[in-house]
Enquirer: 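Before I ask anything, here is the structure I am working with.
Reminder, nothing fancy here: chain letters follow the sequence lines and each chain counts from 1. Atom set for the values below is all heavy atoms of this structure, side chains included, hydrogens, waters and symmetry mates excluded.
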Number of protein chains: 2
Amino acid sequence: MDKPSPTARARAAKRAGRGAVTLSDVAAAAEVAPITVSRAINRPESVSDALRARIRAAIDTLGYVPNRMAGALASAKTGVIPVIVPSLSNVVFVEVIEGIQETIETRGYQMLLGSTDYDLDREAALVATLLGWAPPGMLIAGLRHLPRTATLLRNAGVPVVEFMEHGARCIDMNVGLSHYRAGAAMAEHLLTRGYRRIGFVGVRVRDDYRACQRYEGMHRRILEVGGAEDVLFDYSGGVGQDIGWRALGDVLAMRPVIDALFFANDEMAVGAILRAQRDGIAVPGRIAIAGFNGLPMSALVTPALTTIISPRKLIGRRAAELLLARIAGERPGRRRFDVGFRLEVREST
Amino acid sequence: MDKPSPTARARAAKRAGRGAVTLSDVAAAAEVAPITVSRAINRPESVSDALRARIRAAIDTLGYVPNRMAGALASAKTGVIPVIVPSLSNVVFVEVIEGIQETIETRGYQMLLGSTDYDLDREAALVATLLGWAPPGMLIAGLRHLPRTATLLRNAGVPVVEFMEHGARCIDMNVGLSHYRAGAAMAEHLLTRGYRRIGFVGVRVRDDYRACQRYEGMHRRILEVGGAEDVLFDYSGGVGQDIGWRALGDVLAMRPVIDALFFANDEMAVGAILRAQRDGIAVPGRIAIAGFNGLPMSALVTPALTTIISPRKLIGRRAAELLLARIAGERPGRRRFDVGFRLEVREST
DNA sequence: GCGCAAGATGGTAGCGCTGTCAAACCCTGG
DNA sequence: CCAGGGTTTGACAGCGCTACCATCTTGCGC
């Protein structure tokens, strides 16, 4: 048999070896040095038109896809940014993630997504694994972590943005809103409207640190007012609207004195409103209902839901921008951003 | 100055170099060969207890995190599985993703998430980039891709599962349901109930291939019945409930003969129901409403929504399992799975 | 026509890890 | 006390790519 053609050789290598066309294959096909191919790909302007064309042709015929591992290893630049959130089922995180995605993608980064299911041990494990990708930075939801997680992150020597809630102590940078103040604001509103027995409804509130803070903010404010009191309803399973639906029934049956319910999120609150509709319970006449997040749906139910609007997409974008700026070597003046919130008073209170 | 100690050298390397503790640093600290550290991490049983303990101690004190790039490059095993979906705003994809995540995570894989925003060119670009991670397999939503995307995928020489819809022609493997049949099933139901002027409401239906198929399935069935007809309402912007809300208004005002609306998803359908509630429009008396997906919410609105339940999490799990099996070298008997759907008739039709 | 700067290309080494095979070690039975 | 087998440890090379520096070309002013 005679000498195989370059194409045939490439194909053989592809099948036999690790199953991929490499930069050297392209170089051989284009009859240039490997490094030139690398340049043609990464800084096209530094290669002459003629060569660039020849190389691109070779790339196309061979179907070459650069191996990013090798590139990352050689250049110590990863192009992957890990994002850690507690849950994907919650729309809220998804919106933040979208904000992040939009922002980092235009700058050529890829998102590595991890979810902890509100478990701090899993979070620590996840951080360790993801750090293994030698990322240029890291985005992680929340300010509360295990000590070892914080240590890992600090030692990694890369910028870290903790997003969602705003607080005094952060590992590196922080973008979010004060859930404590949000809770207090809602309490204030409900008290002003004359409600005095207020229930807070959540799921696994102990684990959901931010919901917990909203409750605390509310609780503190209510304590300050004579004759007012609150109750915490902490469900352990279920999701969103189902919980709200159930909770409304439970509360009316078992704690009829309650005159207002502040739900940990809009989904639950909407569930409660739908239940009220179905069962003919007057809202806010018999009981007031409030939510948190400001999902579009909250404006569409009848009665329209009083809620606190959180700028979720903004959090994602801001967090990503901050991280990218730091990765690019800039030193932003501020490391902590309070994106704020807005109390949207509607018909349900 | 005299020669720096290994430890000092390691520390210096850490600060100066790439900013990370390497396997060699650990080896130096534990006074063993690098390869032994590698073994202690990857196959602990093949290292004596004494050494293993010493190595683990060194790892902990130094805060070593293995560099997965290097590992992947050396072993040609990646541990990253790319997942490509058209959108993250749609809960449906999120649920599928959760199913995938759950499944691959327990097997030590990480998910690399990409979203195309229903743009096939972006999809092609994304596939190319993600293939650069030399993944052991790939999960991609949908069966319709650009020819060059399919070529890339086929040439990559790794298993690929196309999920969401079920169809005859797939690149490698396929898990999903027939949207065409789902549309036909809903048409059948509406016709049986006596509706004859049926509208289909979607957003960017041309791009949303699956919605399009549902419409086609419905359309075909309706054509078969004398005196029945359908109209396609294709909105170009907005999301979920807002669209449904608007669409109901538009249809009643501009095409009052329409007696039933089949929405591209439950979110829109619920939006329409909420609008009907608010405006006192009788559903299904004045107009029937149906959705698609079977979100929990669909059962809670009044009237409860007739919809088609799609097994989203199952799709994710099944797709991931199939892929993992193939990655593990198994040859599953079947390459295409129809997970089916269920028409859930409720009050709104 | 020559010298020099700027631009285009290539050679070499090494990123951090693991596969492969070789060497060193340990224990047992005769 | 030693051969023989298994177990534990190590040396070496190389994964695919890029940083760095060296070399070669080209064009231009004087």
Enquirer: Quick one: which residue pairs count as a salt bridge (Lys or Arg N to Asp or Glu O under 4.0 Å) with a foot in residues 141-150 of chain B, not counting sequence neighbours?
Expert: B:Asp121-B:Arg148
Enquirer: With respect to the side chain of A:Leu73, which nucleotide from D:dC17, D:dG16, D:dG14 is positioned closest?
Expert: D:dG16
Enquirer: Using whole Å, what does the distance between atom P of nucleotide C:dG16 and atom CG of A:Leu131 come to?
Expert: 15 Å
Enquirer: Checking side-chain contact (heavy atoms from CB on, under 4.5 Å) against B:Thr36, which of B:Ile55, B:Ile41, B:Leu23 comes through?
Expert: B:Ile55
Enquirer: Under the salt bridge (charged side-chain N to carboxylate O under 4.0 Å, His left out) test against B:Arg317, which residue among B:Glu102, B:Glu95, B:Glu98 passes?
Expert: B:Glu102
Enquirer: Between A:Asp25 (CG) and D:dC15 (P), how many Å, whole number?
Expert: 11 Å
Enquirer: With respect to the side chain of A:Lys77, which nucleotide from D:dA19, C:dT18, C:dG16 is positioned closest?
Expert: D:dA19
Enquirer: Write out all pairs satisfying salt bridge (Lys or Arg N to Asp or Glu O under 4.0 Å) with one or both partners inside residues 44-56 of chain A, taking only residues at least two apart or from two chains.
Expert: A:Asp49-A:Arg52
Enquirer: B:Ile59 has an atom CD1; how far is it from atom C1' of C:dC17, in whole Å?
Expert: 14 Å
Enquirer: Which residue pairs pass the salt bridge (Lys or Arg N to Asp or Glu O under 4.0 Å) test with at least one member in residues 68-88 of chain B, sequence neighbours excluded?
Expert: none
Enquirer: Determine which bases of DNA chain D form Watson-Crick or G-U wobble pairs with both distances under 3.5 Å, and write the result as a 5' to 3' dot-bracket string with | for other-strand partners.
Expert: ||||||||||||||||||||||||||||||
Enquirer: So which protein nitrogen or oxygen atoms get under 3.5 Å of nucleotides 8-13 of chain C's nitrogens or oxygens?
Expert:
from: C:dT9; atom 1: OP1; to: A:Ser48; atom 2: OG; distance (Å): 2.9
from: C:dT9; atom 1: OP2; to: A:Ser48; atom 2: N; distance (Å): 3.0
from: C:dT9; atom 1: OP2; to: A:Ser48; atom 2: OG; distance (Å): 3.3
from: C:dG10; atom 1: OP2; to: A:Ala33; atom 2: N; distance (Å): 3.0
from: C:dG10; atom 1: OP2; to: A:Thr36; atom 2: OG1; distance (Å): 2.6
from: C:dG10; atom 1: N7; to: A:Arg39; atom 2: NH2; distance (Å): 2.7
from: C:dG10; atom 1: O6; to: A:Arg39; atom 2: NH1; distance (Å): 3.3

Enquirer: Going through the distances and angles, do B:Arg336 and B:Glu162 end up as a salt bridge (charged side-chain N to carboxylate O under 4.0 Å, His left out)?
Expert: CA-CA 9 Å; B:Arg336 306 199 303 115; B:Glu162 292 166 277; over 6 Å; no
Enquirer: D:dG10 P sits how many Å from B:Ile55 CD1, rounded?
Expert: 8 Å
Enquirer: For residues 123-133 of chain B, which side-chain N or O atoms pair as donor and acceptor with protein atoms under 3.5 Å away, sequence neighbours left out?
Expert:
from: B:Glu123; atom 1: OE1; to: B:His145; atom 2: ND1; distance (Å): 2.8
from: B:Glu123; atom 1: OE2; to: B:His145; atom 2: ND1; distance (Å): 3.3
from: B:Thr129; atom 1: OG1; to: B:Ala125; atom 2: O; distance (Å): 2.7

Enquirer: Which whole-number value in Å describes the distance from B:Arg54 CZ to D:dG10 P?
Expert: 8 Å
Enquirer: Take the protein atom CZ of B:Arg43 and the nucleotide atom P of D:dT7, then report the distance between them rounded to whole Å.
Expert: 13 Å
Enquirer: Among B:Leu112, B:Leu113, B:Val96, which one satisfies side-chain contact (heavy atoms from CB on, under 4.5 Å) with B:Val83?
Expert: B:Leu113
Enquirer: I need the CE-C1' distance between A:Met69 and D:dG16, as an integer number of Å.
Expert: 11 Å
Enquirer: Round to the nearest Å and state the distance from A:Asn67 atom CG to D:dG16 atom C1'.
Expert: 6 Å
Enquirer: Quick one: do B:Arg335 and B:Asp172 make a salt bridge, cutoff under 4.0 Å?
Expert: yes
Enquirer: Between B:Val37 and A:Ala70, name the one whose nearest nucleotide on DNA chain C is closer to the 5' end.
Expert: A:Ala70
